[in-house]
**Q** 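Can you keep this structure in mind? I'll have questions shortly.
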Amino acid sequence: MSSVSATSAIRKTALNAVHRQMGAKMVEFNGWDMPVEYPAAIGCGIINEHMAVRTGVGIFDVSHMGDICLAGPQALAAVQHISMNDASRLAVGQAQYSALLYPEGTFVDDVIVHRLAEDEHLLVINAGTREKDFGWVRENTRQFDCAVENLSDDFTQIAIQGPKAVNLLQKLTDANLSPVKFYWVTRGKLCGIDNILMGRTGYTAEDGFEIYIPSDEGTSARVWYEILAAGEEFGAVPCGLGSRNTLRLEGSLSLYGHEISDTINVWEAGLDRFCKMEKQEFVGRVALEQARVAGLKRTLVGLEMTERGIARDDYKVLDTAGREIGYVTSGSPAPFLKKNIALAYVPVELAAVGTAVKIEIRGQGVGAVVVPTPFYKRPKKSKL
Amino acid sequence: MAYPTDRKYTKEHEWIQVNGTSATVGITDYAQQSLGDIVFVETPKVGAELTAGKSFGTVESVKAVSDLFSPASGTVTEVNGDLATSPEKVNTDAHGAWMLKLTLKNPSELDGLLSAADYEKFVAEEAGH
(Lines give C-alpha, C1' and ligand atoms only; values in the text may rest on other atoms or scores of the structure.)
Protein backbone atom coordinates (compact mmCIF):
# COMPACT_ATOMS: atom_id res chain seq x y z
CA MET A 1 0.00 0.00 0.00
CA SER A 2 1.28 3.41 -0.92
CA SER A 3 -1.95 5.23 -0.33
CA VAL A 4 -0.47 7.85 1.99
CA SER A 5 1.75 9.47 -0.62
CA ALA A 6 -0.91 9.00 -3.29
CA THR A 7 -3.65 10.70 -1.30
CA SER A 8 -1.48 13.47 0.13
CA ALA A 9 -0.40 14.43 -3.40
CA ILE A 10 -3.90 14.81 -4.73
CA ARG A 11 -4.93 18.41 -5.34
CA LYS A 12 -8.27 20.02 -4.69
CA THR A 13 -9.90 23.08 -6.21
CA ALA A 14 -11.52 25.68 -3.96
CA LEU A 15 -14.89 24.17 -4.94
CA ASN A 16 -14.04 20.65 -3.77
CA ALA A 17 -16.25 20.81 -0.67
CA VAL A 18 -19.10 22.18 -2.79
CA HIS A 19 -18.87 19.25 -5.23
CA ARG A 20 -18.96 16.79 -2.34
CA GLN A 21 -21.83 18.61 -0.70
CA MET A 22 -23.77 18.33 -3.97
CA GLY A 23 -23.13 14.59 -4.06
CA ALA A 24 -20.84 14.57 -7.09
CA LYS A 25 -19.04 11.37 -7.99
CA MET A 26 -15.38 12.27 -7.52
CA VAL A 27 -12.43 10.83 -9.45
CA GLU A 28 -8.71 11.42 -9.63
CA PHE A 29 -7.90 13.32 -12.82
CA ASN A 30 -4.34 14.35 -13.64
CA GLY A 31 -3.54 14.53 -9.92
CA TRP A 32 -6.74 16.43 -9.07
CA ASP A 33 -9.79 15.27 -7.11
CA MET A 34 -12.52 16.29 -9.53
CA PRO A 35 -16.25 15.67 -10.06
CA VAL A 36 -16.97 13.27 -12.92
CA GLU A 37 -20.74 13.72 -12.70
CA TYR A 38 -23.41 14.97 -10.31
CA PRO A 39 -26.25 12.78 -9.01
CA ALA A 40 -29.30 11.72 -10.98
CA ALA A 41 -31.40 12.95 -8.05
CA ILE A 42 -30.70 16.58 -9.06
CA GLY A 43 -31.26 15.91 -12.77
CA CYS A 44 -27.62 15.20 -13.55
CA GLY A 45 -25.58 12.26 -14.83
CA ILE A 46 -23.31 12.49 -17.86
CA ILE A 47 -26.09 12.32 -20.46
CA ASN A 48 -28.31 14.91 -18.76
CA GLU A 49 -25.36 17.23 -18.17
CA HIS A 50 -24.31 16.86 -21.80
CA MET A 51 -27.82 17.61 -23.08
CA ALA A 52 -28.17 20.61 -20.75
CA VAL A 53 -25.09 22.17 -22.35
CA ARG A 54 -26.31 21.47 -25.89
CA THR A 55 -29.80 22.82 -25.28
CA GLY A 56 -29.60 25.16 -22.27
CA VAL A 57 -26.67 25.75 -19.95
CA GLY A 58 -24.22 23.81 -17.78
CA ILE A 59 -21.70 24.95 -15.17
CA PHE A 60 -18.20 23.45 -14.84
CA ASP A 61 -15.46 23.88 -12.27
CA VAL A 62 -12.33 24.19 -14.41
CA SER A 63 -10.06 25.60 -11.72
CA HIS A 64 -7.59 22.78 -12.29
CA MET A 65 -6.60 24.48 -15.54
CA GLY A 66 -3.39 26.53 -15.29
CA ASP A 67 -2.70 30.17 -16.07
CA ILE A 68 0.61 31.71 -17.08
CA CYS A 69 0.97 35.47 -17.43
CA LEU A 70 3.64 37.00 -19.65
CA ALA A 71 4.00 40.75 -19.08
CA GLY A 72 6.58 43.30 -20.16
CA PRO A 73 7.85 45.20 -23.20
CA GLN A 74 8.68 41.97 -25.07
CA ALA A 75 5.71 39.87 -23.96
CA LEU A 76 4.33 39.64 -27.49
CA ALA A 77 7.72 38.67 -28.92
CA ALA A 78 8.01 35.96 -26.26
CA VAL A 79 4.53 34.60 -26.99
CA GLN A 80 5.31 34.62 -30.71
CA HIS A 81 8.49 32.61 -30.06
CA ILE A 82 6.83 29.92 -27.93
CA SER A 83 3.47 29.46 -29.68
CA MET A 84 2.48 28.33 -33.16
CA ASN A 85 -0.41 30.72 -33.85
CA ASP A 86 0.17 34.37 -34.70
CA ALA A 87 -0.41 36.33 -31.51
CA SER A 88 0.36 39.62 -33.30
CA ARG A 89 -3.06 39.34 -34.92
CA LEU A 90 -4.74 39.65 -31.54
CA ALA A 91 -6.31 42.93 -30.53
CA VAL A 92 -6.34 43.74 -26.83
CA GLY A 93 -9.24 41.74 -25.41
CA GLN A 94 -9.01 38.99 -27.98
CA ALA A 95 -8.04 35.33 -27.54
CA GLN A 96 -6.87 32.55 -29.83
CA TYR A 97 -6.31 28.78 -29.77
CA SER A 98 -2.64 27.91 -30.11
CA ALA A 99 -0.03 25.40 -28.95
CA LEU A 100 3.43 25.26 -27.41
CA LEU A 101 5.72 22.97 -29.41
CA TYR A 102 8.95 21.10 -28.89
CA PRO A 103 11.72 21.67 -31.48
CA GLU A 104 10.49 18.39 -33.05
CA GLY A 105 7.14 20.02 -33.91
CA THR A 106 5.30 17.89 -31.33
CA PHE A 107 3.17 19.23 -28.49
CA VAL A 108 4.23 20.56 -25.11
CA ASP A 109 0.56 21.51 -24.70
CA ASP A 110 -2.27 23.32 -26.40
CA VAL A 111 -3.20 26.74 -24.99
CA ILE A 112 -5.60 29.62 -25.22
CA VAL A 113 -3.66 32.87 -25.58
CA HIS A 114 -5.49 35.95 -24.30
CA ARG A 115 -4.13 39.41 -25.05
CA LEU A 116 -5.14 41.30 -21.92
CA ALA A 117 -3.12 44.47 -22.66
CA GLU A 118 -0.57 45.62 -25.24
CA ASP A 119 2.19 44.09 -23.16
CA GLU A 120 0.33 41.39 -21.21
CA HIS A 121 -0.71 37.92 -22.35
CA LEU A 122 -2.44 35.19 -20.38
CA LEU A 123 -1.92 31.57 -21.46
CA VAL A 124 -4.52 29.09 -20.23
CA ILE A 125 -3.01 25.60 -20.10
CA ASN A 126 -4.02 22.06 -19.16
CA ALA A 127 -4.19 20.75 -15.59
CA GLY A 128 -1.97 17.73 -16.12
CA THR A 129 0.80 19.77 -17.74
CA ARG A 130 0.82 22.84 -15.47
CA GLU A 131 4.25 22.42 -13.93
CA LYS A 132 5.84 21.12 -17.12
CA ASP A 133 4.38 24.01 -19.13
CA PHE A 134 5.45 26.67 -16.67
CA GLY A 135 9.03 25.39 -16.58
CA TRP A 136 9.10 25.16 -20.36
CA VAL A 137 7.68 28.66 -20.88
CA ARG A 138 10.16 30.18 -18.42
CA GLU A 139 13.08 28.34 -20.01
CA ASN A 140 12.12 29.34 -23.53
CA THR A 141 11.42 33.02 -22.85
CA ARG A 142 14.63 33.87 -20.98
CA GLN A 143 16.00 36.00 -23.83
CA PHE A 144 12.96 38.31 -23.77
CA ASP A 145 12.31 41.33 -21.59
CA CYS A 146 9.15 39.99 -19.97
CA ALA A 147 8.11 38.57 -16.63
CA VAL A 148 6.63 35.07 -16.54
CA GLU A 149 4.29 34.43 -13.67
CA ASN A 150 2.41 31.27 -12.71
CA LEU A 151 -1.06 32.47 -11.71
CA SER A 152 -2.59 28.98 -11.66
CA ASP A 153 -3.50 29.09 -7.98
CA ASP A 154 -4.86 32.65 -8.07
CA PHE A 155 -8.15 31.87 -9.79
CA THR A 156 -11.18 29.70 -9.46
CA GLN A 157 -12.23 29.17 -13.05
CA ILE A 158 -15.85 28.44 -13.83
CA ALA A 159 -17.08 27.60 -17.33
CA ILE A 160 -20.69 28.49 -18.14
CA GLN A 161 -21.52 26.72 -21.38
CA GLY A 162 -24.48 26.37 -23.70
CA PRO A 163 -26.86 28.47 -25.80
CA LYS A 164 -28.30 30.07 -22.63
CA ALA A 165 -24.90 30.78 -21.03
CA VAL A 166 -24.96 34.42 -22.11
CA ASN A 167 -28.46 34.93 -20.69
CA LEU A 168 -27.44 33.41 -17.39
CA LEU A 169 -24.20 35.34 -16.98
CA GLN A 170 -25.82 38.62 -18.00
CA LYS A 171 -28.05 38.36 -14.92
CA LEU A 172 -24.98 38.45 -12.68
CA THR A 173 -22.75 41.10 -14.25
CA ASP A 174 -22.87 44.78 -15.13
CA ALA A 175 -20.72 44.18 -18.23
CA ASN A 176 -22.68 44.22 -21.48
CA LEU A 177 -22.05 40.73 -22.85
CA SER A 178 -24.01 41.12 -26.05
CA PRO A 179 -21.20 42.74 -28.11
CA VAL A 180 -18.57 40.30 -26.80
CA LYS A 181 -17.74 38.02 -29.73
CA PHE A 182 -16.58 34.41 -29.51
CA TYR A 183 -12.94 34.32 -28.37
CA TRP A 184 -13.01 37.82 -26.90
CA VAL A 185 -12.84 38.77 -23.24
CA THR A 186 -14.42 41.49 -21.16
CA ARG A 187 -14.20 42.67 -17.58
CA GLY A 188 -16.88 43.75 -15.19
CA LYS A 189 -18.50 43.41 -11.81
CA LEU A 190 -19.70 39.83 -11.28
CA CYS A 191 -21.69 38.72 -8.23
CA GLY A 192 -20.60 41.94 -6.54
CA ILE A 193 -16.88 41.43 -7.23
CA ASP A 194 -15.16 44.13 -9.30
CA ASN A 195 -12.97 43.65 -12.34
CA ILE A 196 -13.72 39.99 -13.12
CA LEU A 197 -12.30 38.61 -16.35
CA MET A 198 -14.93 36.88 -18.50
CA GLY A 199 -13.87 35.20 -21.73
CA ARG A 200 -16.31 34.00 -24.36
CA THR A 201 -14.47 30.71 -24.68
CA GLY A 202 -14.99 27.07 -23.75
CA TYR A 203 -14.37 23.43 -24.49
CA THR A 204 -17.83 22.14 -25.30
CA ALA A 205 -18.41 23.26 -28.91
CA GLU A 206 -21.12 25.61 -27.61
CA ASP A 207 -21.32 29.29 -26.93
CA GLY A 208 -20.24 30.07 -23.41
CA PHE A 209 -18.05 31.96 -20.99
CA GLU A 210 -15.11 31.13 -18.76
CA ILE A 211 -14.82 33.37 -15.73
CA TYR A 212 -11.86 33.95 -13.43
CA ILE A 213 -12.72 34.74 -9.82
CA PRO A 214 -10.52 34.92 -6.68
CA SER A 215 -9.60 31.42 -5.55
CA ASP A 216 -10.61 31.59 -1.88
CA GLU A 217 -13.15 28.94 -0.88
CA GLY A 218 -15.79 31.31 0.47
CA THR A 219 -15.94 33.49 -2.64
CA SER A 220 -15.74 30.48 -4.94
CA ALA A 221 -18.63 28.68 -3.24
CA ARG A 222 -20.77 31.81 -3.10
CA VAL A 223 -20.31 32.57 -6.81
CA TRP A 224 -20.90 28.90 -7.78
CA TYR A 225 -24.22 28.80 -5.94
CA GLU A 226 -25.24 32.24 -7.26
CA ILE A 227 -24.61 31.07 -10.81
CA LEU A 228 -26.66 27.91 -10.24
CA ALA A 229 -29.50 29.89 -8.69
CA ALA A 230 -29.49 32.44 -11.54
CA GLY A 231 -29.50 29.56 -14.00
CA GLU A 232 -32.52 27.83 -12.54
CA GLU A 233 -34.89 29.47 -15.04
CA PHE A 234 -32.73 28.11 -17.89
CA GLY A 235 -32.50 24.60 -16.45
CA ALA A 236 -28.83 25.06 -15.55
CA VAL A 237 -27.09 22.03 -14.06
CA PRO A 238 -23.63 21.49 -12.58
CA CYS A 239 -21.47 19.42 -14.93
CA GLY A 240 -18.47 17.17 -14.34
CA LEU A 241 -15.53 15.90 -16.32
CA GLY A 242 -17.60 13.12 -17.87
CA SER A 243 -19.82 15.42 -19.89
CA ARG A 244 -16.92 17.79 -20.51
CA ASN A 245 -15.24 14.90 -22.32
CA THR A 246 -18.28 13.79 -24.35
CA LEU A 247 -19.03 17.41 -25.30
CA ARG A 248 -15.50 18.15 -26.49
CA LEU A 249 -15.38 14.82 -28.36
CA GLU A 250 -18.61 15.60 -30.25
CA GLY A 251 -16.96 18.90 -31.17
CA SER A 252 -13.73 17.06 -32.17
CA LEU A 253 -11.68 19.25 -29.83
CA SER A 254 -8.25 17.81 -29.05
CA LEU A 255 -7.26 16.65 -25.58
CA TYR A 256 -3.63 16.56 -24.46
CA GLY A 257 -2.45 12.97 -23.91
CA HIS A 258 -5.00 11.74 -26.44
CA GLU A 259 -5.17 13.56 -29.79
CA ILE A 260 -2.05 15.60 -29.08
CA SER A 261 1.15 14.71 -27.22
CA ASP A 262 4.93 14.93 -27.36
CA THR A 263 4.96 12.19 -30.04
CA ILE A 264 2.37 13.73 -32.38
CA ASN A 265 3.08 16.71 -34.62
CA VAL A 266 0.81 19.55 -35.68
CA TRP A 267 0.13 18.20 -39.19
CA GLU A 268 -0.80 14.73 -37.90
CA ALA A 269 -3.18 16.29 -35.37
CA GLY A 270 -4.87 18.25 -38.17
CA LEU A 271 -4.35 21.59 -36.41
CA ASP A 272 -2.86 23.27 -39.50
CA ARG A 273 -5.21 26.24 -39.37
CA PHE A 274 -3.88 27.29 -35.96
CA CYS A 275 -0.24 27.07 -37.07
CA LYS A 276 1.01 30.18 -38.86
CA MET A 277 4.15 29.14 -40.73
CA GLU A 278 4.31 32.53 -42.46
CA LYS A 279 4.95 34.38 -39.20
CA GLN A 280 8.46 34.78 -37.81
CA GLU A 281 10.45 31.89 -36.33
CA PHE A 282 8.91 29.90 -33.46
CA VAL A 283 9.96 26.79 -31.58
CA GLY A 284 9.09 23.73 -33.67
CA ARG A 285 8.81 25.55 -36.97
CA VAL A 286 11.90 24.04 -38.64
CA ALA A 287 10.82 20.49 -37.85
CA LEU A 288 7.31 21.21 -39.11
CA GLU A 289 8.75 22.56 -42.36
CA GLN A 290 10.73 19.34 -42.79
CA ALA A 291 7.75 17.18 -41.82
CA ARG A 292 5.66 18.93 -44.45
CA VAL A 293 8.25 18.17 -47.14
CA ALA A 294 8.58 14.54 -45.99
CA GLY A 295 4.80 14.10 -46.22
CA LEU A 296 2.18 12.92 -43.81
CA LYS A 297 2.06 9.24 -42.83
CA ARG A 298 -0.75 9.16 -40.31
CA THR A 299 -3.58 11.52 -39.56
CA LEU A 300 -6.41 12.04 -37.11
CA VAL A 301 -9.84 11.00 -38.37
CA GLY A 302 -13.37 10.83 -37.07
CA LEU A 303 -14.99 7.41 -36.86
CA GLU A 304 -18.58 6.37 -36.39
CA MET A 305 -19.48 2.82 -35.37
CA THR A 306 -21.57 1.04 -37.98
CA GLU A 307 -22.08 -2.06 -35.83
CA ARG A 308 -23.06 -2.46 -32.19
CA GLY A 309 -20.18 -1.55 -29.93
CA ILE A 310 -18.39 1.40 -28.40
CA ALA A 311 -14.84 2.36 -29.33
CA ARG A 312 -12.79 3.38 -26.29
CA ASP A 313 -9.49 5.22 -25.85
CA ASP A 314 -6.50 3.13 -27.01
CA TYR A 315 -8.54 0.45 -28.79
CA LYS A 316 -6.89 -0.81 -31.98
CA VAL A 317 -8.13 0.25 -35.41
CA LEU A 318 -8.00 -2.58 -37.97
CA ASP A 319 -8.45 -2.57 -41.73
CA THR A 320 -11.25 -4.68 -43.20
CA ALA A 321 -8.79 -7.58 -43.51
CA GLY A 322 -8.16 -7.44 -39.76
CA ARG A 323 -4.66 -5.90 -39.85
CA GLU A 324 -3.81 -3.33 -37.18
CA ILE A 325 -3.52 0.10 -38.81
CA GLY A 326 -3.96 2.60 -35.99
CA TYR A 327 -5.46 3.39 -32.61
CA VAL A 328 -8.36 5.24 -31.04
CA THR A 329 -7.35 8.40 -29.17
CA SER A 330 -10.81 9.13 -27.71
CA GLY A 331 -13.99 7.11 -28.06
CA SER A 332 -17.39 7.17 -26.41
CA PRO A 333 -21.11 7.34 -27.01
CA ALA A 334 -22.15 10.79 -28.26
CA PRO A 335 -25.21 11.69 -26.18
CA PHE A 336 -26.52 14.49 -28.41
CA LEU A 337 -25.82 12.77 -31.74
CA LYS A 338 -26.92 9.39 -30.37
CA LYS A 339 -24.09 7.60 -32.15
CA ASN A 340 -20.94 5.89 -30.99
CA ILE A 341 -18.02 8.01 -32.17
CA ALA A 342 -14.24 8.10 -31.91
CA LEU A 343 -11.16 9.99 -32.98
CA ALA A 344 -8.30 7.81 -34.20
CA TYR A 345 -4.92 7.92 -35.91
CA VAL A 346 -4.82 5.96 -39.17
CA PRO A 347 -2.50 5.93 -42.22
CA VAL A 348 -3.34 8.77 -44.64
CA GLU A 349 -4.29 6.30 -47.39
CA LEU A 350 -7.11 5.03 -45.12
CA ALA A 351 -8.28 8.44 -43.97
CA ALA A 352 -10.79 9.29 -46.70
CA VAL A 353 -14.36 9.87 -45.56
CA GLY A 354 -16.34 6.70 -46.20
CA THR A 355 -13.42 4.29 -45.64
CA ALA A 356 -14.61 1.20 -43.78
CA VAL A 357 -12.47 0.05 -40.85
CA LYS A 358 -12.91 -2.10 -37.76
CA ILE A 359 -12.35 -1.40 -34.09
CA GLU A 360 -11.02 -4.26 -32.00
CA ILE A 361 -13.44 -4.59 -29.10
CA ARG A 362 -12.76 -7.48 -26.71
CA GLY A 363 -11.03 -9.48 -29.41
CA GLN A 364 -13.65 -8.89 -32.13
CA GLY A 365 -13.45 -6.56 -35.12
CA VAL A 366 -16.51 -4.28 -34.97
CA GLY A 367 -17.43 -2.18 -38.00
CA ALA A 368 -16.83 1.58 -38.20
CA VAL A 369 -16.49 4.15 -40.96
CA VAL A 370 -14.45 7.32 -41.41
CA VAL A 371 -16.75 10.36 -41.17
CA PRO A 372 -16.15 14.12 -41.45
CA THR A 373 -15.22 16.11 -38.33
CA PRO A 374 -16.34 17.87 -36.29
CA PHE A 375 -19.06 15.37 -35.47
CA TYR A 376 -21.10 18.24 -34.02
CA LYS A 377 -21.15 21.88 -35.02
CA ARG A 378 -23.33 24.30 -33.12
CA PRO A 379 -25.94 26.21 -35.06
CA LYS A 380 -24.78 29.74 -35.82
CA LYS A 381 -26.11 32.58 -33.68
CA SER A 382 -26.31 32.94 -29.94
CA LYS A 383 -26.99 36.47 -29.03
CA LEU A 384 -28.44 37.87 -25.92
CA MET B 1 -31.86 1.31 -1.26
CA ALA B 2 -33.59 -1.88 -0.12
CA TYR B 3 -32.28 -4.99 -1.80
CA PRO B 4 -34.97 -7.61 -2.54
CA THR B 5 -34.74 -10.56 -0.16
CA ASP B 6 -35.96 -13.07 -2.75
CA ARG B 7 -32.50 -13.37 -4.32
CA LYS B 8 -28.79 -13.64 -3.60
CA TYR B 9 -25.92 -11.30 -4.40
CA THR B 10 -22.27 -11.44 -5.44
CA LYS B 11 -19.44 -9.20 -4.31
CA GLU B 12 -19.14 -8.21 -7.99
CA HIS B 13 -22.65 -6.69 -7.70
CA GLU B 14 -24.79 -9.19 -9.62
CA TRP B 15 -28.04 -10.59 -8.26
CA ILE B 16 -29.46 -14.06 -8.91
CA GLN B 17 -33.04 -15.15 -8.32
CA VAL B 18 -33.56 -18.91 -8.20
CA ASN B 19 -36.73 -20.73 -9.17
CA GLY B 20 -36.16 -24.48 -8.88
CA THR B 21 -33.32 -25.38 -11.21
CA SER B 22 -33.57 -22.19 -13.25
CA ALA B 23 -32.38 -18.73 -12.27
CA THR B 24 -32.50 -15.10 -13.44
CA VAL B 25 -29.44 -12.80 -13.29
CA GLY B 26 -28.98 -9.03 -13.29
CA ILE B 27 -26.88 -6.29 -11.70
CA THR B 28 -27.69 -4.47 -8.48
CA ASP B 29 -28.92 -0.97 -7.93
CA TYR B 30 -25.59 -0.12 -6.33
CA ALA B 31 -23.84 -1.29 -9.52
CA GLN B 32 -26.01 0.82 -11.83
CA GLN B 33 -25.51 3.85 -9.60
CA SER B 34 -21.74 3.41 -9.61
CA LEU B 35 -21.66 2.97 -13.38
CA GLY B 36 -23.85 5.96 -14.24
CA ASP B 37 -25.74 6.17 -17.55
CA ILE B 38 -25.76 2.67 -19.02
CA VAL B 39 -25.60 2.64 -22.82
CA PHE B 40 -24.73 -0.94 -23.77
CA VAL B 41 -25.31 -4.41 -22.36
CA GLU B 42 -23.53 -7.34 -23.99
CA THR B 43 -24.92 -10.75 -23.04
CA PRO B 44 -24.02 -14.26 -24.25
CA LYS B 45 -26.14 -16.20 -26.72
CA VAL B 46 -28.82 -18.67 -25.70
CA GLY B 47 -27.14 -22.04 -25.22
CA ALA B 48 -23.86 -20.57 -23.90
CA GLU B 49 -22.31 -22.39 -20.94
CA LEU B 50 -21.53 -20.12 -17.97
CA THR B 51 -19.10 -20.83 -15.17
CA ALA B 52 -19.57 -19.40 -11.69
CA GLY B 53 -17.27 -16.44 -11.09
CA LYS B 54 -16.29 -16.10 -14.76
CA SER B 55 -17.19 -13.21 -17.05
CA PHE B 56 -20.29 -13.72 -19.15
CA GLY B 57 -20.62 -10.29 -20.75
CA THR B 58 -20.13 -6.59 -20.26
CA VAL B 59 -22.11 -3.54 -19.31
CA GLU B 60 -20.97 -0.15 -20.56
CA SER B 61 -21.79 3.27 -19.21
CA VAL B 62 -20.90 6.47 -21.06
CA LYS B 63 -17.55 6.47 -19.27
CA ALA B 64 -16.62 2.86 -18.57
CA VAL B 65 -16.75 -0.80 -19.48
CA SER B 66 -17.41 -3.36 -16.72
CA ASP B 67 -17.35 -7.14 -16.86
CA LEU B 68 -20.35 -9.11 -15.72
CA PHE B 69 -19.55 -12.20 -13.64
CA SER B 70 -21.83 -15.19 -13.45
CA PRO B 71 -23.11 -15.93 -9.94
CA ALA B 72 -23.54 -19.60 -10.89
CA SER B 73 -22.65 -22.22 -13.52
CA GLY B 74 -25.25 -23.26 -16.06
CA THR B 75 -26.67 -22.98 -19.55
CA VAL B 76 -28.24 -19.77 -20.85
CA THR B 77 -31.91 -20.33 -21.75
CA GLU B 78 -33.01 -16.75 -22.44
CA VAL B 79 -31.53 -13.24 -22.72
CA ASN B 80 -33.38 -9.99 -22.17
CA GLY B 81 -33.69 -8.60 -25.70
CA ASP B 82 -35.15 -5.32 -24.39
CA LEU B 83 -31.74 -4.29 -23.12
CA ALA B 84 -30.29 -4.27 -26.65
CA THR B 85 -32.50 -1.31 -27.55
CA SER B 86 -33.14 0.13 -24.08
CA PRO B 87 -30.05 -0.46 -21.90
CA GLU B 88 -31.06 2.54 -19.77
CA LYS B 89 -33.73 0.33 -18.17
CA VAL B 90 -30.92 -1.00 -15.97
CA ASN B 91 -30.58 2.52 -14.52
CA THR B 92 -34.27 2.96 -13.82
CA ASP B 93 -34.99 -0.56 -12.52
CA ALA B 94 -31.84 -2.59 -11.90
CA HIS B 95 -33.61 -5.29 -9.94
CA GLY B 96 -36.31 -5.67 -12.60
CA ALA B 97 -34.14 -5.33 -15.73
CA TRP B 98 -32.81 -8.89 -15.76
CA MET B 99 -30.04 -9.81 -18.18
CA LEU B 100 -30.32 -13.54 -18.67
CA LYS B 101 -31.93 -16.76 -17.45
CA LEU B 102 -30.04 -19.99 -17.04
CA THR B 103 -30.50 -23.61 -16.05
CA LEU B 104 -28.36 -24.21 -12.98
CA LYS B 105 -25.70 -26.86 -13.18
CA ASN B 106 -24.93 -27.02 -9.49
CA PRO B 107 -27.38 -25.16 -7.23
CA SER B 108 -25.15 -25.71 -4.18
CA GLU B 109 -22.77 -23.08 -5.66
CA LEU B 110 -25.26 -20.48 -4.49
CA ASP B 111 -24.59 -21.24 -0.84
CA GLY B 112 -21.52 -19.02 -0.89
CA LEU B 113 -23.41 -15.93 -2.12
CA LEU B 114 -24.59 -13.02 0.01
CA SER B 115 -28.06 -12.47 1.41
CA ALA B 116 -29.75 -9.09 0.85
CA ALA B 117 -28.76 -7.96 4.35
CA ASP B 118 -25.15 -9.07 3.95
CA TYR B 119 -24.90 -7.43 0.54
CA GLU B 120 -26.28 -4.18 1.92
CA LYS B 121 -23.62 -4.26 4.62
CA PHE B 122 -20.95 -5.06 2.03
CA VAL B 123 -21.79 -2.10 -0.21
CA ALA B 124 -22.06 0.24 2.76
CA GLU B 125 -18.46 -0.68 3.61
CA GLU B 126 -17.36 -0.40 -0.01
CA ALA B 127 -18.99 3.02 -0.44
CA GLY B 128 -17.35 4.18 2.77
CA HIS B 129 -13.84 3.67 1.38
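Because the structure is a prediction, the values reported are computed rather than measured. Below, read A as the first sequence line, B as the second, and so on, with proteins coming before strands; counting in each chain starts at 1.
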**Q** Do A:R362 and B:E42 sit within salt-bridge range, that is, some charged N less than 4.0 Å from a carboxylate O?
**A** yes
**Q** Within the supplied structure, the quantity of interest is the number of heavy atoms (other residues, nucleotides, ligands) at a distance under 6.0 Å from B:N19 CG; does it exceed 12?
**A** no
**Q** Which pair of non-hydrogen atoms, one from B:V65 and one from A:R312, has the smallest distance, and what is that distance?
**A** CG2-NE, 3.5 Å
**Q** Assess whether side-chain contact (heavy atoms from CB on, under 4.5 Å) is satisfied between B:V39 and A:I47, documenting all intermediate values.
**A** CA-CA 10 Å; B:V39 290; A:I47 293 175; 4.2 Å; yes
**Q** Check whether A:K25 reaches the backbone of B:S34 with its side chain - one donor and one acceptor, N or O, closer than 3.5 Å.
**A** yes
**Q** At a 4.5 Å cut-off on heavy atoms, which part of A:N245 comes close to chain B: side chain, backbone, both, or neither?
**A** side chain
**Q** First locate atom CG of A:N340, then atom CD of B:E60, and finally report the distance between them rounded to the nearest 0.5 Å.
**A** 8.5 Å
**Q** Looking only at non-hydrogen atoms, find the nearest pair between B:V41 and A:R308 and report the distance.
**A** O-NH2, 3.4 Å
**Q** At their closest point, which heavy atom of B:D37 faces which heavy atom of A:I46, and how far apart are they?
**A** OD2-N, 3.2 Å
**Q** Hey, are A:E37 and B:K63 close enough for a salt bridge, meaning a charged N less than 4.0 Å from a carboxylate O?
**A** no
**Q** What part of B:A64 gets closer than 4.5 Å to chain A, counting heavy atoms only: side chain, backbone, both or neither?
**A** backbone
